[in-house]
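Note: hydrogens, waters and symmetry copies are ignored here, and every other heavy atom, side chains too, is used. Quick note on labels: first sequence line is chain A, next is B, and so on, each numbered from 1.
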2 protein chains.
Amino acid sequence: MSQGSTTEGARARARAEVTAAIKDEARRRLAAEGAAKLSLRAVARALGMVSSALYRYFPSRDDLLTALIIDAYDSLGERAEAADARSADAGPLGRWTAVAEAVREWALEHPHEYALIYGSPVPGYSAPATTVPPASRVGLVLLGILRDAHRSGALTTPPVPAALLPEAERMAAELAPDLPPASAAALVAAWAQLFGLVGFELFGQFHRLVEDRVTFFRHAAARLARGAGLD
Amino acid sequence: MSQGSTTEGARARARAEVTAAIKDEARRRLAAEGAAKLSLRAVARALGMVSSALYRYFPSRDDLLTALIIDAYDSLGERAEAADARSADAGPLGRWTAVAEAVREWALEHPHEYALIYGSPVPGYSAPATTVPPASRVGLVLLGILRDAHRSGALTTPPVPAALLPEAERMAAELAPDLPPASAAALVAAWAQLFGLVGFELFGQFHRLVEDRVTFFRHAAARLARGAGLD
DNA sequence: CACATTCGAGAGCACTGCTCTTGCTTTGCC
DNA sequence: GGCAAAGCAAGAGCAGTGCTCTCGAATGTG
């Protein structure tokens, strides 16, 4: 065990390198032709190894996809967090739109990865629990903005009908006990709606319908923020 | 040509029947295991024919998928139109939420078909122009509600920043010259956001986050309507 | 009735995910 | 330093896929 960390580390490092190379190549092929056409054999071929060797690193194609999914969530989450940090002094609404635009831009740059995480789930595949934290990052950024706004008194509480109150209280307790229940519920809705805008643009539903997409999105995202209580 | 329609119709009818049987079986398998795992061979096998015979009816797997896509859009569109008609005297907001809930219910009943039309697009595949009219039906229903509201003076025009005005005017000219530009732009945004809510629920993003989904959705859809100028 | 068109069946190609066995190399312990 | 053990790549092989082609047989049309 004295020098065990280096010797054992050598093996582990080699393994980590090959694993990373596989993921890199897989990501490249994913970007090139989408998740549905991602082939283990093609990845192995590009790496100069035989397909069966790849199973030493990923027990199945779905496990490779899971790794790519986690990476995609992390990549997007990082981008959103960076955009938020960069506009820390732009006020709640400025931060919100900055994050929203960062999400949109990331999606446009990585359409296949976006489709992988926010598009149709793979039939037999169900995401393992390890994907949950990375998947929450964008939501947590938006939540942080609302929380800061609330702390500084810049958050107006949206109206909430009596029927929704119990659910809103449950949501607030779950994800932000310091926020008014109505704000928590409004945030979740705005969060989903934000990705509706991004997805529709990305998946071609805006074809010939929205032309100036940057302006349209910016305005829609800002209205979403106001709907969640920011201004 | 005197009796041509019956004799020629015999062959054509047989062909139409087989085509329908293929689509039916394909739809069944689609609902069972999703588009990604939809196999021509499995469909053929279930129908007691050999895979190559299927190519007499659909030149490729993608063409079969296109047929299913059109059917799905039509099925959803019909449902939305029916919901709208059923609540014709519920006022604009009542019609809107009825349509929104119909869309949600259809999606929950046909998750794989929903994923087919609003989820990740198939990699190489690009939807032919024939899918456009069926794909527009839900949007046209929502547009009709706004148009009626506008005619009866029940539509408030949402605020629109100067930067968005040209685009809003273009959109209004394109899809509803009788509507105020701001309303047209707000409608498109609300439309996309509505499907964001549905998609997030269907694709599992609301897992452990939203429990009382009917109430949550109803409230969010109603707020969407108000954002588009209805109340 | 004879012809031409349509159709189903089968074989086959190139590809996929995945499993299993066979050796080789590296590693960690005695 | 030597040796057993573990890790690893390679290859063969299985069952399945989309799709093409050819070859008879059925079928509706002139």
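Backbone-only engagement by B:Leu38 is indicated by non-hydrogen atom pairs under 4.0 Å involving sugar-phosphate atoms exclusively. A:Leu64 comes within 4.0 angstrom of no nucleic acid atom, judged by non-hydrogen atoms across all strands.
Judged as a side-chain hydrogen bond (donor to acceptor under 3.5 Å, both in side chains), and not counting sequence neighbours, the contacts of A:His110 are A:Trp106. In this structure, the side-chain hydrogen bond (donor to acceptor under 3.5 Å, both in side chains) partners of B:Arg137, at least two apart in sequence or on a different chain, are B:Asp74, B:Glu81. Residues satisfying the side-chain contact (heavy atoms from CB on, under 4.5 Å) criterion with B:Arg147, sequence neighbours excluded, are B:Leu143, B:Arg151, B:Ala176, B:Asp178. Annotation: ring pair (Phe, Tyr, Trp, His ring centres under 6.0 Å) contacts of A:Tyr73 (sequence neighbours excluded): A:Tyr118. Take B:Glu169 and apply the side-chain hydrogen bond (donor to acceptor under 3.5 Å, both in side chains) test, not counting sequence neighbours, and it matches no residue. Contacts of B:Arg29 classified as side-chain hydrogen bond (donor to acceptor under 3.5 Å, both in side chains), with partners at least two apart in sequence or in another chain: B:Glu33.
Of all the residues in residues 16-30 of chain B, not one reaches under 4.0 Å from DNA chain C with any non-hydrogen atom.
The OH atom of B:Tyr55 sits 16 Å away from the C1' atom of C:dC7 (whole-angstrom rounding). The CG-C1' distance, from B:Asp62 to D:dC19, rounds to 12 Å in whole Å. Rounding to whole angstrom units, NZ of residue B:Lys37 and P of D:dT17 are separated by 11 Å. Rounded to an integer number of Å, the gap from B:Leu54 CG to C:dG8 C1' is 11 Å. In this structure, CG of A:Asp63 is placed 13 Å from P of C:dG17, rounded to the nearest angstrom. Between the CG atom of A:Leu65 and the P atom of C:dG17 there is a distance of 10 Å, rounded to whole Å. Separating the CZ atom of A:Arg61 from the P atom of C:dC15 is a distance of 17 Å, rounded to the nearest angstrom. Look at CZ on B:Arg45: it is 17 Å from P on C:dG8, rounded to the nearest Å.
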Sub-3.5 Å pairs of nitrogen or oxygen atoms, protein against nucleotides 10-12 of chain D:
unit_1 : atom_1 : unit_2  : atom_2 : d
D:dA10 : OP2    : A:Val50 : N      : 3.2
D:dA10 : N7     : A:Ser52 : OG     : 3.1
D:dG11 : N7     : A:Ser52 : OG     : 3.4
D:dG11 : O6     : A:Ser52 : OG     : 2.8

Distance-only check: which donor-acceptor pairs under 3.5 Å involve side-chain atoms of residues 47-58 of chain B, not counting sequence neighbours?
none

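The phosphate of D:dG7 (OP1 or OP2) has no side-chain N or O of A:Tyr57 nearer than 4.0 angstrom.
When each of A:Val132, A:Thr130, A:Leu65 is checked for a side chain to side chain contact (heavy atoms under 4.5 Å, CB included) with A:Ile70, only A:Thr130 meets the rule.
Using modelled atom types, one side-chain atom of B:Arg170 and one backbone atom of A:Leu209 make a donor-acceptor pair closer than 3.5 Å.
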